[in-house]
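Structure first, commentary second.
Keep in mind it's a predicted model, so treat the numbers as computed, not measured. Naming convention: chains lettered A, B, ... in sequence-line order (proteins, then strands); numbering from 1 in each chain.
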Amino acid sequence: MDEYQLVKDCLRGKPEAQRQLYEQYAQTMLGICYRYTKSVKDAEDVLQEGFVKVFFKLKQYKQEGELGAWIRRIMINTSLNFLKSNRKYRDEMYFTEQPLHPVTDDDPAIILQAKELADLIRQLPLGYQAIFNLHAVEGYSHVEIGEMLGISDGTSRSQYARARGLLISWLRGISSEQKTRNYAGK
Amino acid sequence: MPANEFEKKVKQRMDELKLAPSGEVWEQVELRIRKEKKRRRIIFWLPFLFLGLGGGLTTFILMNNAKKNPIVKTNELNKPQQLQPVLENNNNTLDTFITTSSISKKRSVAKNNFDKTKSIAENKNRSEDLYKIKIKPSAIKSRRSVKSPSVDLMKSTVKEITDTDLKNNKDDNNEVKVNEPVIEKNAEHSQQKEIPKEDSISSKEQLQKDSTLSDSVITIAEKKVVKSIKQNKKWQWGIGLQKGVSQISNGLKFSGNYVYADYAAATGNPPGGSIQFNKPSAIKTGGSFGAALFVQRTLSTRLKANFDIHYSYLATKINVGTQVDSSFNYGNSYSSSFSLNSFYRSNGNSSSYTNNYHFAGLSAELSWKIISLRKFYIDWNNGISYNRLLSSNALFYDKTLPGYYKNSKLLTHDHLFFSTGMSALVFKNFFINPFAEYSLTSVQKRAVAPKTHFTNYGLRVKLLFNKK
């Protein structure tokens, strides 16, 4: 079934089409939700909430862009709303404008698998984690991020720089550890 | 877009990230879609329902008003001013004779008009028997001073009969037979009479006396109608108390042993480890009571509207096992991480536990008079009430625990109840009202088990304070 027909059937309320749409995108979308939250359970809660929104807002989908990209945007917004509304996350999510961390040019090689890298990103403080995901992975500008999170673009920039710095330092540590292991192995 | 190589690498790696969600996610999504669809459908039809009800009510009220209007029209057509010349001519035609046929004809007109007034009086004030009023001739004059347009109409009609007939039929007959009484129930004035020719003046006096008496009766009837209408339009207030039994069911059942339970999988471990699964207790009926302060307004002879503010208490009973007083963190997929200070085991289910529900709310009710006797009537009441759950100690069953624990987050706090019942007038201002109500909303917030609803039935007594 092509995407157009799938959307049409979903709009008609056909359960099998809804199930198919869910199965087609659930894994990718859970990956997105996973990056923004701190536990699989929370990620699944966001995924559930996000898909409910997808099915009820499907008539707003204009079929101009990719359906996947449209669902992705819903998942990101749902994730951010979850962070803002959930007390556990809200208390932890603070943004302060700090001096920019110098960005190094010698980027480390990413030797980690997708899940491992995502776990590393999830080790970042919550504010850093959200901004890093929004800028580095989703490609939003700092102005857009500022609007989305209700902070200034300067704050977004500084938070991102610190997040990036932390992540690079961790990656370097992992990389050097790996090298040592490899060397010892030889 | 970040142009840096590092960001590109991260993005590329993250786009590869795919995680398989648990099967429960789709189940919940599906459940919520259905629930939301149902809710939206209700919201969609709600305005139409209100429109229909509003339209029906308006039509009903308008139709009721239309029934009253013909009298007003008759009054307008027969204004007293137009009839004045006829009345003035009265004095010049005293020595004339009256024919039976013409008088009968005109009297039937007068009687029809009077019957209309009588009909209104009957409708508006059933408890009064208008035709039992006996008026002393001495009291008549003083009462005549207050007249409404309808009384003038009646008076003028009677005068008209007398005067025009006296004028037009002076040569027809020597005797007159008044076959139709002016007021049927007024026996002493409505007997068949023979009036001799030479007594024509006294016969006219007799007729005038008849018409005067009918004026008086009509005046009182009119006054009573006006008073009754005014009184009925007033807001009346009172208090109500109710006692009954309540139950939780999964449909329109007033008994049953359905048990609502939180079948969610637990993520924490209770102290002492897991205990073998026990069947949850059946829910038994519990006592209920309530108190209300209400206002009432009569919309028509048969329809009344009631609004109240109330408190109500509902209860159910279950059997639980031993209580464990030990605090630990517990959680399941519906209530993430909450602390339990105590819970009840389900082993044995030996002691009785009462689940209490305290509500406060507002209700609107329409009463339709189905039986109406002179001093007794029965209304059929149907209403909707909004109830806010103030507090509850209700226990939820969890098969993984296994046992019962309190979690008010799982309860629905805003409820919509439908109620129906009969209301009978026992004394002057005292009503007895057997009732049954059913919550349209589910007891539990989460749809973890088949939906359950409150049912409550019993007896309500109402005392109306300013009923006259």
Side-chain angles (χ1 to χ4, degrees), chain A residues 10 13 15 18-19 22-23 25-35 39-56 86 88 103-110 112-121 132-133 135-141 160 164 167-168 171, chain B residues 1-44 262 264-269 329-339 400 407 409-410 445-448:
Chain A
C10 284
Q18 289 172 334
R19 178 78 198 235
Y22 170 81
E23 279 175 355
Y25 291 101
Q27 291 192 7
T28 314
M29 298 308 150
L30 185 62
I32 294 168
C33 302
Y34 183 75
R35 279 192 282 114
S39 73
V40 181
K41 189 189 157 300
D42 288 343
E44 286 189 338
D45 280 352
V46 175
L47 183 75
Q48 180 193 316
E49 187 68 36
F51 265 106
V52 171
K53 281 184 188 172
V54 165
F55 288 119
F56 280 103
N86 193 303
K88 189 171 76 182
V103 179
T104 50
D105 287 335
D106 50 336
D107 294 327
I110 299 172
L112 301 172
Q113 294 299 308
K115 172 84 168 38
E116 291 167 331
L117 182 62
D119 284 337
L120 203 65
I121 292 168
F132 184 83
N133 276 319
H135 185 70
V137 186
E138 313 326 332
Y140 287 105
S141 72
Y160 175 74
R164 190 179 189 274
L167 203 61
I168 286 172
L171 283 168
Chain B
M1 276 289 282
N4 199 295
E5 197 60 34
F6 173 69
E7 277 79 7
K8 274 185 187 170
K9 283 180 199 166
V10 170
K11 184 174 166 43
Q12 193 185 349
R13 201 56 59 88
M14 286 298 97
D15 285 344
E16 293 164 11
L17 182 64
K18 281 183 181 180
L19 297 168
S22 65
E24 213 177 310
V25 178
W26 171 245
E27 281 168 24
Q28 285 302 311
V29 170
E30 206 176 21
L31 206 73
R32 285 184 61 189
I33 293 167
R34 279 186 202 156
K35 205 176 162 184
E36 187 70 11
K37 252 185 196 168
K38 213 173 173 182
R39 196 180 68 87
R40 285 178 186 213
R41 206 175 294 154
I42 292 168
I43 292 169
F44 177 79
D262 180 6
T267 54
N269 286 316
N329 280 324
Y330 190 65
N332 53 40
S333 49
Y334 302 102
S335 302
S336 58
S337 185
F338 57 93
S339 100
T400 322
N407 188 359
K409 283 178 186 173
L410 293 175
K445 200 183 279 177
R446 301 271 189 177
V448 291

**Study point:** Least distance between heavy atoms, V10(B) atom then I121(A) atom
**Key:**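 Minimum heavy-atom contact is CG1-CD1, 4.3 Å.
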To the nearest 0.5 angstrom, please state how far the [atom1] atom of [X] sits from the [atom2] atom of [Y].
X       : Y       : atom1 : atom2 : value
E30(B)  : F55(A)  : CD    : CZ    : 9.0 Å
E116(A) : L17(B)  : CD    : CG    : 11.5 Å
L171(A) : F6(B)   : CG    : CZ    : 5.5 Å
L47(A)  : Q28(B)  : CG    : CD    : 12.0 Å
K18(B)  : I32(A)  : NZ    : CD1   : 11.0 Å
R13(B)  : K115(A) : CZ    : NZ    : 15.0 Å

Check your understanding: Heavy-atom count around Q113(A) CD within 6.0 Å, excluding the residue itself: above 12?
Key ->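 No - once you tally the heavy atoms of other residues, nucleotides and ligands closer than 6.0 Å, there are 12 at most.
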Exercise for review: Answer yes or no: does atom CD of Q12(B) have more than 12 heavy-atom neighbours from other residues, nucleotides or ligands under 6.0 Å?
Suggested key: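 Atom CD in Q12(B) is not packed in, count stays at 12 or less.
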Check your understanding: Yes or no on side chain to side chain contact (heavy atoms under 4.5 Å, CB included) for R164(A) and E7(B), after CA distance, side-chain angles and deciding distance?
Key -> CA-CA 9 Å; R164(A) 190 179 189 274; E7(B) 277 79 7; 2.6 Å; yes
Point to revise | Close side-chain approach of Y22(A) and P21(B), heavy atoms under 4.5 Å | key: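 Of all side-chain heavy-atom pairs linking P21(B) with Y22(A), at least one is under 4.5 Å.
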Non-hydrogen atoms of chain B under 4.5 Å away: do they reach the side chain of [X], the backbone, both or neither?
X       : answer
S141(A) : neither
R19(A)  : both
L112(A) : backbone
F56(A)  : both

Review point. Got a donor-acceptor contact below 3.5 angstrom from the E44(A) side chain to the S22(B) backbone?
Key: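 Looks like yes, one N/O pair under 3.5 Å.
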Exercise for review: Would you please name every residue forming a salt bridge (Lys or Arg N to Asp or Glu O under 4.0 Å) with E49(A), sequence neighbours left out?
Suggested key: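 For E49(A) the salt bridge (Lys or Arg N to Asp or Glu O under 4.0 Å) partners, ignoring immediate neighbours, are R32(B).
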